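The structure presented is a predicted model; accordingly, all values stated were derived computationally and were not measured.
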Amino acid sequence: MADELEVPASSQTSTGTALDAGADYPVYAVVGNGPVGVRCAQKLLEYSRRAQVVVFGEEATAPYNRVKLSQYLADHVHLAELDNPVNTAPDSRLATFDNRRIAAIDRGAKTLIDVDGNRQPYDRLVLATGSEPATPDIPGIDLPKVYPFRSLRDTQALIRLRDDSRHICVIGAGALGLEAAAALKTQGNRVTLQSRGQMLGGLLGTEGAEYLQGALAALGVELKTGEPVNAIEGDDCVQAVRFASGERLAVDAVVLCTGIRPAVALAESCGLETRRGIATDQWMRTSDPDIYAVGECAEFAQRIYQFVRPGYEQAQACCAHICRDEISPVADTEPLPYRGSPTDIQLKIAHIPCAVIGETGADQQVYVYRNRFRGLYRLLRVSNQRLVGAVYIGSWDEADRLRRAVADGEAVGDRALQRFERDGQLWEKRALRGLKAQPDSYLVCQCNNISKGQLCEAISRGKRTLAELQRETNAGSVCGSCRPLVAELLDTPAPNLVMRHARGILVTSIISLLLIALALLMPPAPISESVQSHWYWQTLWYDNFWKQVSGYSLLTCCLLTATLSLRKRWRRLSYGHVDHWRYVHSVIGCTALLALVIHTGFRLGENLNLILMLDFLAATTTGALVGVFMARNHHWTDMKLREHRKWWSRIHYALLWALPALIGYHILAVYYF
């Protein structure tokens, strides 16, 4: 006879004798230990003082946050940051079982049966089985080195693949495919992103897709859209991808990001009503009133939500309904039915934020701000003078307020819309207040519905770090976009984003500093007519023609470096991303120092020439230091960066203002005298 499962008295993972569902306490079982299943267990323990809660997970690992797998693949979070245990103090009423796949549900006996035949009775059951990858029917899909991207095990395999492969093809340009392609790209490999249609299913629009395509190209990701894959070819493993046109792309690995489908097999096997997902009502009850379904496996009002925030909202309604007769006073909640959720998409492709907020409609007015130089694209959708939707690519300091404004249908005036189209800002700067100046009702974490007041209350109880606040309130535990706001509340600066060409700017800045040190410390070149002197040094340093060549080359470099300042301030000059211009600026600055060495022969000069030389070296020194800080800003905090970069930049600009007059006098003196 098969063993029965037992909810242990003090441990969270064990087997033994089953609990009697007819005892003095109810037994609530949760099948699925993803983020939504874990949230259900947490809420059931919070709402009920008596219930015993049992959680079953199919994977061999402890519960982890699937939402952060793309960030883990991109090395933005560590493995430990994926941990997602039930957020509660040790509780004898909780048991979690990993590596336990439930094979059947005996609805008559109200019992779960796992693959080994072990049984667990329940009073109420929550199915949080999530979804599974939708594998396309393509010849060669079963070849070695064709990888799905769904679980932690998949992600760890992709990390190894990223370092070992020369050319990876990512099939599917939805949110997961975009994040995967950017995370898999390294300097030593090629990544091609393939999509049958437009990226993100066309939600960005044609122009938005062009901006995102440019951002991907800057990362080195190649894009191929419009052609379906007909076959994956290879003998013992993947060798090529063949498209419908007959074109053949040589690759040595394929990653499938071709969508997901609700995991409904368990529900179907026990006779629950299913459509695309498990059919539910507004309390997330299935056709069996003692069984509920939440998350990606559930279908509510003919709609399936494939994001974690709707799953959390469903878990709230579901658990409140299960515990409606015994809700603990400390829960401070009133059961409210589930009414549906917004389908906002928010992702970060490498260091590029991208979001689609709200809904589209035929009667909406569209307002667009674009800045190709900075790689910014922002679109607003307005209906009856109210914000109803938005799309943006690139950082936007108003993004948090924008999401709330769209959710609330906030009114917007013509003046604000004109300012948006001109400057890309919807609200006046003085109207943008820091988090500390916001009311306690201000929503900080959209995914978990955590307000500023809840965070402040946790801080007052001694939770003084990001990790402690996350464990206490769940703020920042899903997508992580609100962590800078939480850090602001703690006076803890958050890390900056990695700048494009950071390594190149760092290298040229360090070379520039070394050249400046040589110019100051090397003895001046001697004037010698000896036959033992190298004739080419004499020619470069003393021949009148070559002196002019080096001098005008130096002048040309100075003029070219000024184009970055012009590019920042002249709106019509909008070609290329600002980071590309910064990189070129640093390379030209380094070249100018080489020309200076050739032109002067390490001689500092006298009188006004000495002042010119010192001013030029000081300006390039401060510029190189700014380059170092900018290139390393993802390793230092905002406060440190502002403290150093601000002052070096101001000194750099001040020194540059003196250069035109000094250079002009130098040229005049050479030709006049």
Side-chain angles (χ1 to χ4, degrees), residues 30-40 55-70 72-73 82 84 97-105 112 114-115 125-138 140-158 170-180 201 229 232 254-270 272-280 284 286 291-300 303-312 314-315:
V30 180
V31 178
N33 64 354
V36 177
V38 166
R39 179 60 59 89
C40 281
V55 183
F56 294 92
E58 184 173 328
E59 294 185 50
T61 59
Y64 60 89
N65 191 344
R66 296 181 188 276
V67 181
K68 291 185 177 180
L69 287 179
S70 294
Y72 176 51
L73 178 60
L82 298 181
N84 189 41
F97 293 91
D98 307 325
N99 200 23
R100 287 294 184 91
R101 185 170 72 84
I102 300 300
I105 302 172
L112 297 174
D114 72 10
V115 291
L125 170 63
V126 180
L127 297 178
T129 50
S131 58
E132 52 196 21
T135 304
D137 186 15
I138 299 174
I141 201 76
D142 296 325
L143 280 171
K145 301 200 77 173
V146 176
Y147 297 84
F149 182 22
R150 184 63 182 160
S151 66
L152 177 58
R153 184 177 179 180
D154 296 336
T155 309
Q156 291 172 331
L158 292 180
V170 179
I171 300 179
L176 190 64
L178 288 165
E179 290 182 334
V229 174
I232 300 173
V254 171
V255 178
L256 300 176
C257 298
T258 47
I260 55 178
R261 58 171 177 260
V264 298
L266 183 62
E268 287 178 338
S269 67
C270 69
L272 293 178
E273 181 185 353
T274 60
R275 302 185 188 108
R276 286 189 303 148
I278 305 171
T280 65
M284 307 313 296
T286 67
I291 301 179
Y292 298 71
V294 293
E296 294 174 344
C297 68
E299 180 176 339
F300 169 77
R303 193 166 193 174
I304 295 172
Y305 294 91
Q306 298 181 348
F307 304 100
V308 72
R309 182 182 175 186
Y312 285 168
Q314 292 170 0

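- Under the rule for a side chain to side chain contact (heavy atoms under 4.5 Å, CB included), the partners of Ser269 that lie at least two apart in sequence or sit in another chain are Leu266.
- Tyr64 and Glu59 are linked by a side-chain donor-acceptor pair at a separation below 3.5 angstrom, with hydrogens and angles left out of the test.
- Of all heavy-atom pairs between Leu158 and Pro148, the closest is CD1-O, 4.3 Å.
- Between Thr258 and Thr135, the closest side-chain pair of non-hydrogen atoms is not below 4.5 Å.
- When side chains are defined from C-beta on, Ile141 counts as touching Ile232, because their heavy atoms get closer than 4.5 Å.
- No cation-pi contact links Arg100 to Phe56, judged by a cut-off of 6.0 Å to the six-membered ring centre and 45° from its axis.
- Note that CE of Met284 and CD of Gln314 are 3.5 Å apart. Values are rounded to the nearest 0.5 Å.
- Asn84 and Pro35 get closest at one heavy-atom pair: ND2-CA, 3.5 Å.
- Put simply, the side chain of Thr280 never gets that close to the backbone of Thr286: no donor and acceptor are under 3.5 Å apart.
- When all heavy atoms are compared, the tightest approach of Gly37 to Ala128 is CA-CB, 3.8 Å.
- Taking the side-chain hydrogen bond (donor to acceptor under 3.5 Å, both in side chains) definition, one finds that Ser70 meets it with Glu179, sequence neighbours left out.
- Under the ring pair (Phe, Tyr, Trp, His ring centres under 6.0 Å) criterion, Phe149 pairs with no residue at all, not counting sequence neighbours.
- Between Pro133 and Leu256, every side-chain heavy-atom pair lies at or beyond the 4.5 Å cut-off.
- In terms of the side chain to side chain contact (heavy atoms under 4.5 Å, CB included) criterion, residue partners of Ala267 (sequence neighbours excluded) are, by chain and number, Leu127, Leu272, Thr274, Ile278.
- The shortest non-hydrogen separation linking Ala298 to Ala293 is CB-O, 3.6 Å.
- Here the straight-line distance linking atom SG of Cys297 with atom OH of Tyr305 works out to 14.5 Å at 0.5 Å rounding.
- Taking the side-chain hydrogen bond (donor to acceptor under 3.5 Å, both in side chains) definition, one finds that Ser131 meets it with Arg150, Glu296, sequence neighbours left out.
- The nearest pair of heavy atoms linking Gly277 to Ile304 is N-CD1, 3.6 Å.
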Could you please spell out the steps behind the side chain to side chain contact (heavy atoms under 4.5 Å, CB included) verdict for Val255 and Ile171?
CA-CA 6 Å; Val255 178; Ile171 300 179; over 6 Å; no
Walk me through it: do Leu82 and Leu69 pass the test side chain to side chain contact (heavy atoms under 4.5 Å, CB included)?
CA-CA 8 Å; Leu82 298 181; Leu69 287 179; 4.1 Å; yes
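- Checked against Asp98 for a side-chain contact (heavy atoms from CB on, under 4.5 Å), the options Val55, Asn33, Thr61 give a single hit: Asn33.
- Each of Thr129, Leu125, Leu112 was compared with Ile102 under the side-chain contact (heavy atoms from CB on, under 4.5 Å) criterion, and only Leu112 meets it.
- Residues forming a salt bridge (Lys or Arg N to Asp or Glu O under 4.0 Å) with Arg101 (at least two apart in sequence, or on another chain): none.
- A search for side-chain hydrogen bond (donor to acceptor under 3.5 Å, both in side chains) contacts involving Arg275 returns Glu273, not counting sequence neighbours.
- Remark: Arg153 pairs with Ser151 by the side chain to side chain contact (heavy atoms under 4.5 Å, CB included) rule, at least two apart or across chains.
- Rounding to the nearest 0.5 Å gives a distance of 12.0 Å between CZ of Arg66 and CG of Leu176.
- A search for side chain to side chain contact (heavy atoms under 4.5 Å, CB included) contacts involving Gln156 returns Tyr72, Leu79, Leu152, Arg160, not counting sequence neighbours.
- Partners of Glu132 according to the salt bridge (Lys or Arg N to Asp or Glu O under 4.0 Å) rule, which considers only residues two or more places apart in sequence or in another chain, are Arg261.
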